[in-house]
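Okay, so here's the structure we're looking at.
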Amino acid sequence: MAFEGLADRLQGSIQKIRGKGKVNEADVKEMMREVRLALLEADVNFKVVKSFVKKVSERAVGQEVMQSLTPGQQVIKVVKEELTELMGGQQSQIATAKKPPTVIMMVGLQGAGKTTTTGKLASLLRKKHNRKPLLVAADIYRPAAIKQLETLGKQLSLPVFSMGDQISPVEIAKAGIQKAKDDHQDYVIIDTAGRLHVDEALMDELKQIKELSSPDEIFLVVDAMTGQDAVNVAQNFDDALGITGVVLTKLDGDTRGGAALSIRSVTEKPIKFVGMGEKMDALEAFHPERMASRILGMGDMLSLIEKA
Amino acid sequence: TKTRDNFTTKMNDLIANYRTVDEEFFEELEEILFQADVGFDTVMKLVEELKMEVKRQNIKDTKDIRSVISQKLVEIYQGDEKFNNDITLQEEGLTVILFVGVNGVGKTTTIGKLAHSYKQDNKKVMLAAGDTFRAGAIEQLEVWGDRVGVDVIKHAEGSDPAAVMFDAVQSAKARKADILICDTAGRLQNKVNLMKELEKVKKVIEREIPGAPHEVLLALDATTGQNAMTQAKIFKEATNVTGIVLTKLDGTAKGGIVLAIKQELGIPVKLVGLGEKMDDLQPFDAEKYVYGLFADLVDEVPDED
Ligand SMILES: Nc1nc2c(ncn2[C@@H]2O[C@H](COP(=O)(O)OP(=O)(O)OP(=O)(O)O)[C@@H](O)[C@H]2O)c(=O)[nH]1
Ligand SMILES: Nc1nc2c(ncn2[C@@H]2O[C@H](COP(=O)(O)OP(=O)(O)OP(=O)(O)O)[C@@H](O)[C@H]2O)c(=O)[nH]1
Ligand SMILES: [Mg+2]
Ligand SMILES: [Mg+2]
């Protein structure tokens with residue numbers, strides 16, 4: 001398998017440098033090549049990799065790496081610091097409207113995990129924040145999407161608002177918010193249908209829902225296994241809707257998750273939560289540092305430090 | 001589709017920007033391939049071979065390299081032999097097709113589409129609701145069954161998927177169905193227990209009908225990056241995957257990792273998904289796929305001189 005961590009990748013360069021005394025610019029360049037490859041293999045977008053490596057190189061060619069006795073470790077340290085910083089701070093809070101109900105809209109590509117995450121968020125809001133959420137079934141397209149949300153609602157003993165699949169999602173969202181007001185629910189989470197970011201008609205529908213419901217949060221739900229296309233997806237959804245945050249799903253898999261970096265750097269919107277499983281309690285706060293280690297292959301990093 | 005357009009536009013820009021085949025040209029080509037999720041090793045191999053070919057044929061002008069690129073890509077995909085992408089149906093008796101894959105990639109939807117296509121060929125098709133886990137999964141398959149007009153064999157949510165398969169195979173045999181298509185719950189390949197469960201599901205089918213399942217199709221989402229390789233590898237180990245369905249190719253992602261998967265694991269793509277409707281399924285044609293990526297490059301780029 002080609003999935004080597006950054007540290008593994010750097011071993012070769014480090015062997016060469018060892019015993020040479022000082023590191024020169026060519027050595028740094030060679031190490032940067034490895035950084036680039038490690039990030040590409042982790043699915044970080046090509047363009048993002050380019051600008052990132054440029055930034056890291058500048059730091060590396062300066063004092064930090066070239067003066068260091070352990071340049072390999074130093075490179076990893078610099079890369080990890082920059083990566084962590086790019087990923088932003090930890091922000092797992094959810095907005096609260098001044099006047100309830102707080103409205104949250106879930107959007108994203110097909111199969112990303114919106115409906116599942118809708119259930120998880122509702123569960124979190126009730127458990128951790130002692131809130132009363134209403135789930136709104138605004139996916140009228142996918143077969144049995146409403147049933148799926150209703151089943152989750154039943155599992156969680158939380159109310160689900162639906163009007164069948166013959167009424168426009170815009171109307172459903174509107175009526176759902178009204179229902180929450182009537183019932184004194186303080187959160188409304190709108191589950192929308194998956195759609196391609198280039199599907200203009202369906203993207204328009206989301207804009208209409210947004211206009212009508214003035215959501216306090218618009219969460220873009222993204223599959224952590226997404227490859228190079230993550231930048232296009234995130235950019236288009238953000239341009240169309242002005243997302244407020246990102247939920248990265250299926251991180252319980254073995255993907256490196258470089259999409260996190262791609263999304264973050266094109267939208268500059270925080271990644272707020274990560275999905276860690278199919279069950280309703282498998283939603284966690286996003287940790288930038290952990291994500292950085294994951295993208296770089298943390299296991300390898302420890303082994304390098306031991307070897308070095 | 002947009003997929004191809006995007007890719008081809010980039011390739012055309014590349015050809016237009018670089019008159020001569022030099023290091024810079026190759027770097028840019030590398031970039032285009034990376035952005036299509038082709039994967040590191042495959043890109044490196046391709047570019048290496050291209051460089052050799054350019055030397056051998058003494059190619060100087062970028063317009064002369066177009067056909068070489070396409071040819072090489074097809075070669076990488078196919079190897080030497082021209083193989084069969086068809087789904088093999090039994091001449092006589094029941095054909096069983098098992099769907100596997102990670103969560104949300106399009107298994108159930110593809111089953112609906114495939115059932116529709118066989119139904120149109122006047123086959124008697126039945127579906128097995130082997131996803132007893134995900135909320136609404138059984139109902140989703142039932143909606144597809146209704147839509148297409150085929151029977152769905154199901155148990156209650158939460159029941160043993162292997163038992164569903166046993167039942168489905170018995171019913172399909174009793175009702176003299178031509179094709180039984182089996183849905184399974186999505187599972188990430190690193191979940192050991194769930195992969196074991198899948199092996200068990202397959203074993204039940206094997207036991208009931210020697211030689212079955214006749215096809216094990218792995219659904220891969222074209223949006224997925226390098227992880228698709230690991231998916232293919234581990235699902236192959238567990239269920240002896242016979243082919244890939246590349247879904248969601250109607251988006252802007254290219255699913256280029258299938259080139260690497262074919263190269264490394266020998267699993268061919270058999271079908272492509274191009275939307276959410278019944279008719280949005282097509283057989284995979286390797287040459288068309290690869291040439292499609294470079295269509296304009298090969299045929300339509302006007303010479304500037
Ligand atoms: N392992 C794992 N599976 C997840 C996670 N989040 C969602 N899933 C699974 O991914 C699949 C798709 O999830 P859904 O919630 O239906 O996705 P969606 O975005 O609503 O899909 P559409 O409505 O069809 O666009 C299901 O099998 C979920 O169980 C996660 O964090 N980990
Ligand atoms: N645009 C597009 N969407 C697709 C395609 N195939 C499936 N989908 C959509 O992707 C989402 C997930 O599809 P499913 O068929 O439920 O996927 P699955 O693999 O059965 O999911 P789980 O059973 O939850 O693991 C649905 O919204 C489908 O409509 C395709 O080729 N193109
Ligand atoms: Mg959904
Ligand atoms: Mg399914």
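Every chain is numbered from 1 and lettered A, B, ... according to where its sequence line falls, protein lines coming before strand lines. Side chains included, hydrogens not; waters and symmetry mates left out as well; all remaining heavy atoms used. Not measured: the values here are computed from a predicted model.
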Scored by heavy-atom pairs under 4.5 Å with chain B, the best of A:P143, A:G119, A:G253, A:A144 is A:P143

Interchain contact, A:N45 with chain B, by part (heavy-atom threshold 4.5 Å)
side chain

Heavy-atom contacts under 4.5 Å, residues 139-153 of chain B to chain A
B:E139, B:Q140, B:V143, B:W144, B:R147

Parallel, tilted or perpendicular: ring planes of A:F219 versus A:F273, cut at 30 and 60 degrees:
perpendicular

Table please: side-chain donor-acceptor pairs of residues 107-118 of chain A below 3.5 Å, with sequence neighbours left out.
unit_1, atom_1, unit_2, atom_2, d
A:Q110, NE2, B:E276, OE2, 2.8
A:K114, NZ, A:L109, O, 2.7
A:T115, OG1, A:D191, OD1, 3.3
A:T115, OG1, A:D191, OD2, 2.8
A:T117, OG1, A:G113, O, 2.5
A:T118, OG1, A:K114, O, 2.7

Kindly list each side-chain donor-acceptor pair under 3.5 angstrom involving residues 146-154 of chain A, sequence neighbours excluded, with atom names and distances?
unit_1, atom_1, unit_2, atom_2, d
A:E150, OE2, A:S162, OG, 3.1
A:T151, OG1, A:K147, O, 2.7

For B:Y118, ring pair (Phe, Tyr, Trp, His ring centres under 6.0 Å) partners two or more places apart
none

Check step by step if side-chain contact (heavy atoms from CB on, under 4.5 Å) holds for A:R294 and A:T255.
CA-CA 9 Å; A:R294 180 177 181 135; A:T255 182; 4.0 Å; yes

Taking side chain as everything from C-beta outward and backbone as N, CA, C, O, which of these in B:V105 sits under 4.5 Å from a heavy atom of chain A? Side chain, backbone, both or neither.
neither

Taking every heavy atom of A:L86 against every heavy atom of A:R264, the minimum-distance pair comes out as O-CG, 3.0 Å

Tell me if a side-chain donor or acceptor on A:D199 pairs with a main-chain N or O of A:L196 at a distance below 3.5 Å.
no

